[in-house]
Structure formats: C-alpha cells, structure tokens
Asker: 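Pasting a structure below so you can have a look.
Chain naming here is simple, since letters A, B, ... match the order of the sequence lines and numbering starts at 1 in each.
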Amino acid sequence: MNDEIAIHWFRQDLRISDNPSLNFLSEKYDNIVAVYILDEVNCDRKMGSASKTWLHHSLLSLNEKLNNKLLVFKGNPEVVFNNLVDNYNVKQISWCRCYEPWIIKRDLNLKKNLKNKVQINSFNSSLLWEPWEVLKNDGSPYKIFTPFYKRGCLNSKPPRKPKSQEINFFNHNIKSQSIFDLELTSSKFWEKKIIKYWNIGESFASKLMNDFFSIGIQDYSEGRNFPIRKNVSRLSPYLHWGQISPHTLWYEVSNIEQEVGEKNAEIFKSELGWREFFYNLLYHFPKIQKFNLQTKFDKFPWENNNSFFDAWKKGQTGFPIVDAGMRELWETGYMHNRVRMITGSFLVKNLLIHWNQGEEWFWDCLFDADYASNSASWQWVAGTGTDSAPYFRIFNPVTQGKKFDPTGEYIRKFIPELRNFPLKYLFEPWECPPNTLKNFKLGINYPFPIVDVKTSREKALDAFAKIKVN
DNA sequence: CCTGGAGTTGTCCTA
DNA sequence: TTAGGACAACTCCAG
C-alpha cells in the first residue's frame, strides 16, 4: 500500500467544499492528512476571546466531518512540520493563503526552510481578487473604495468559480494533541452565553446563506440599516474562518439577482467588495492595525478616560442606542453594522477616546473579529483612514436611534431596564419628566448620559480643527 | 503636469 | 413640516 501522504494545513479555510488546496491535493494524492496548528509563537497579536471560542467549536465540527482524523498541534508550524516530515513519508504540504502581515512573513520563511525537504503549494481561497492584482494603472494601490471596486475589481477578471469535489482523507494513525489541549475554551459563563446564539461549522454557514438568500436579501438595500430587521446575513464570522467562501456567496447571489432585485444583489456584492478593500489596504499598508493611515492624526488630542471607556464597554453610557449595541456585542458576540458605526463614532467623537481602544475591545468580543476589517473599519469611523470622509460627520446617538430603531424594539431587547419606558423618551431618557414611570429613577435604574451630545460634538470639532494641515 | 470631478453610511440651520 | 445647502478643504483618481 502506498504510504505517501500529502498534508493540507487548515488555517482560515475551515471548510471542505470549494477549498482549492484540498481540490489540488485530491487530484494528485490518495492520502490526504489534515492538520491545524495554533501558532502563538509567531503571531503579533493573540486571538481575542470570542475568536478562540469560535475556533474551538469550529475545530470540533471539522474534526467530526473528518472522522476524528484532524491532527491538532500548538506551537511553531515549522517545528511541527519538520517533525511530521522526518517521521512520515510526506510528499507535499499545501495551504490556503492568509493576509495578516505576520502570517505572510511566517509562511514565507516556512516555505524557504522546508522547500528542500518537501513540496509546498499555497492557494487563494478567501479573497475574490488577490491584493497584489488590484492596482491602479500606475501600479500603486487604491485608497478610495469606489474606484477600487468599480474599476479595480469589477473591470478585471471575474473571481474564480467555486468548485467542490470528493476529498481523499487518509485513515491514518498519526498522533497529535487534542482540540482541548489548545485551551481555546474556558468554562466562563460569558462563553456559554454567546455561543447559544450561533451554530458553528461549515454546514451551518451554507444553511445561513440559503436562508438569507431566500428571505433577508429581498429588502437588503433598505432593511440592512435597521438592527432589529432580519436583513443582514450575519455570515461574517463564517467568512472570517473560511467556513464559506466569498466565491460561493458571489456566484450564488448572482444567480438570484432577478428574483431578489438587482439593487439588493449589487449592494450585497459591494459589501463583499468592502471586505476585499480592507484586505487590499492591509496588504499594502501593513501597519494599519495600530497606526493612523493619515499621520496628521498622530497629534490628535485623544483623551484618556477609563471611566468613560468602562461605561462604553459595559453599555452604561446613558445613550440607549449606544448601550443596546454594546450589550448586543457582550450578549451575542456580534453587533449589527449600523450600530457598530454608532457606537464607534460615539467612542471616538463624543468621548474622544483613541480608536485603538475600541478596536481592541471589538477584537476581543466579536466572533467575526478580523485583522483587516476590524482595523480598517475603526480607522474609517475615526476618520484616520484612507477615505476622505469629512471630519464633521459625527453621528448623533439620539437621532440615529430614532431613525434606525423607530419602534425601540432593538433598544428594549438589549436593555431590559428600559422595556417599559415610553417610546417618546426612549432615545433620550433624561428628557422624560421624573416620576412618569413608577419604580424607575434615572441615575438608579439606568444611567444619566455620561456626556452632553452638543458640547461633546463641538469639542470634537475643535479638536479636529487643531490638526488641520495649515 | 494639469484639470476637474468625486469621495458608504451625517447633522444642523434656514427658508 | 421639509428640502436644500453649509460644514472646509483635501486627496484621490483618471483622462
């Protein structure tokens, strides 16, 4: 019997279907061995708590699909692979590309150091266009979304078509650590709570896609702005971990463009385009996770205020739409996109707290925490990023609440103490005449607003004026 | 090199 | 009540 093996290294492509590396190996080899390695040696930032939880359950689900033959290790991949190559007849190692700067660097070294022992291949699986392929005519990267997407992406070659095939996984006897040895999970109440809202794994990703494409997308262009409506896909965590490919989403939504309306399909695609844009930015500006893209913001007078930051994290700012969002995040490991903008704008522009702090908190709490998207989105909110959105665009947390949660249903869902609060004052409880509600006292049952909207807005505008170029 | 049009998601004031 | 312009000026991008 043939004892030659080929290793597929699972990373952020935790799926069997439409996996180019697995497809490639399957055509050449009869014996494929699947490996996952938790690398906390080379990384420049450890996974957040929610990400670890998602990964833990994803690996359990993947392992089950593989008849418990997934090999799991913790440590430096180079050491792990050297061991495997020295002890088994490994002909080939193959993986799907990641784009975090530290991973690019690590993989490059790994290839260099192992290429004399074993054949190595890598594939694109998680981006519709490679970041080095979408460039302006002069060869430099785009900094503005619209030309990036319309001209850079839509005018170049169409994304690869998704392809799924039978994979020849090998019924091996190789020993490894267990998924529990990775210590990705704890018995924290918080973890148990947030996973209750999700079904984690590849099969649930396709189910979610199918459900969304048959119902939610029908009113995507309008409805996606309202946090209580079922018009967003909530596929972001699955996309991040590669439990579904953007290629599948791209072509599936193209197929139903007539039924769901061209506009809804186009806007959904452009959201995938934003994801591409964020990766493109990260690839060409690898420091955006920490550093302002517009360096003039380096001298912006951010404020250090731990009690404000704590109030924001806990959903105790006294602004119901902000608090509802922050509590949704803590309760479910997710926050609706519109509310991410509102809470982000509030942190940065009303509290004047550095976007780095918001980015860190989201990194820890979000199931879809993504190195590229999280950083680039925070820079967008803060106005420190590439897009030249006017600095005076400051969300008003009262107006935004009234506009996008007009029935108050979202606020009431996540802020139980306001469940019986009159709708008229729900977006600005401090305006409610005292004693309107029995057993409710502002400052006791729900906090007073920690800042004044008007004066904090003006303060932010003054601060922005100070860093103007001239 | 020059030119002109444009830039995800807002708010506030005024007529 | 509502629609339209001001907010300020910059950088990006393509021709």
Asker: Reckon A/Arg151 has a side-chain N or O less than 4.0 Å from the OP1 or OP2 of C/dA14?
Answerer: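 Indeed, a polar side-chain atom of A/Arg151 lies that close.
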
Asker: Scan every strand shown for a Watson-Crick or G-U wobble partner of C/dA9, both distances under 3.5 Å, and answer none if you come up empty.
Answerer: none

Asker: What distance, rounded to whole Å, do you find between the two P atoms, one in C/dC13 and one in B/dT8?
Answerer: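 To the nearest whole Å, 10 Å.
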
Asker: Does C/dA14 have its OP1 or OP2 closer than 4.0 Å to a side-chain nitrogen or oxygen of A/Tyr142?
Answerer: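 Result: yes.
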
Asker: My understanding is that a pair needs two contacts under 3.5 Å, Watson-Crick or G-U wobble. By that rule, which nucleotide pairs with B/dT14?
Answerer: C/dA3

Asker: Please confirm whether the backbone N or O of A/Leu127 pairs with a side-chain atom of A/His247, one donor and one acceptor, at under 3.5 Å?
Answerer: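 Yes, because the side chain of A/His247 sits within donor-acceptor range (under 3.5 Å) of the backbone of A/Leu127.
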
Asker: Between A/Thr146 and B/dT8, does any side-chain N or O lie under 4.0 Å from OP1 or OP2?
Answerer: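 For B/dT8, OP1/OP2 do have a side-chain N/O of A/Thr146 under 4.0 Å.
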
Asker: On a whole-Å scale, what distance lies between the P atoms belonging to C/dG5 and B/dA6?
Answerer: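 Here C/dG5 and B/dA6 have their P atoms 16 Å from each other.
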
Asker: For atom P, what is the distance between B/dG5 and C/dA8, given to the nearest Å?
Answerer: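 Pairwise P distance, B/dG5 against C/dA8, rounds to 23 Å.
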
Asker: Do A/Trp355 and A/Trp302 make the cut of ring centroids closer than 6.0 angstrom?
Answerer: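 No, ring centres 6.0 Å or more apart.
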
Asker: On the nucleotide B/dT9, are OP1 or OP2 found under 4.0 Å from the side-chain N or O atoms that A/Gln400 carries?
Answerer: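 For A/Gln400, the contact criterion (side-chain N or O under 4.0 Å from OP1 or OP2 of B/dT9) is not met.
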
Asker: Say we look at B/dC1 and C/dC12: how far apart would their P atoms be, to the nearest angstrom?
Answerer: 16 Å

Asker: At under 4.0 Å between heavy atoms, what does A/Glu458 touch on the DNA or RNA strands: base, sugar-phosphate, or nothing?
Answerer: nothing

Asker: Does C/dA14 have OP1 or OP2 sitting under 4.0 Å from an N or O in the side chain of A/Asn137?
Answerer: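 Result: no.
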
Asker: With a 6.0 Å cut-off on the ring centroids, do A/Trp430 and A/Phe319 count as close?
Answerer: yes

Asker: Identify, with sequence neighbours excluded, every residue that meets salt bridge (Lys or Arg N to Asp or Glu O under 4.0 Å) alongside A/Glu133.
Answerer: A/Lys157

Asker: Applying the Watson-Crick and G-U wobble criteria at under 3.5 Å, what pairs with B/dT9? Answer none if nothing qualifies.
Answerer: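 Check on B/dT9: unpaired, no WC or wobble geometry under 3.5 Å.
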
Asker: Tell me the closest heavy-atom pair linking A/Glu431 and A/Tyr425, and the distance in Å.
Answerer: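 Where A/Glu431 meets A/Tyr425 most closely, the heavy atoms are O-CE2, 3.5 Å.
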
Asker: Quickly work out the A/Leu135 CG to C/dC13 P distance and round it to whole Å.
Answerer: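 Distance, rounded to whole Å: 11 Å.
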
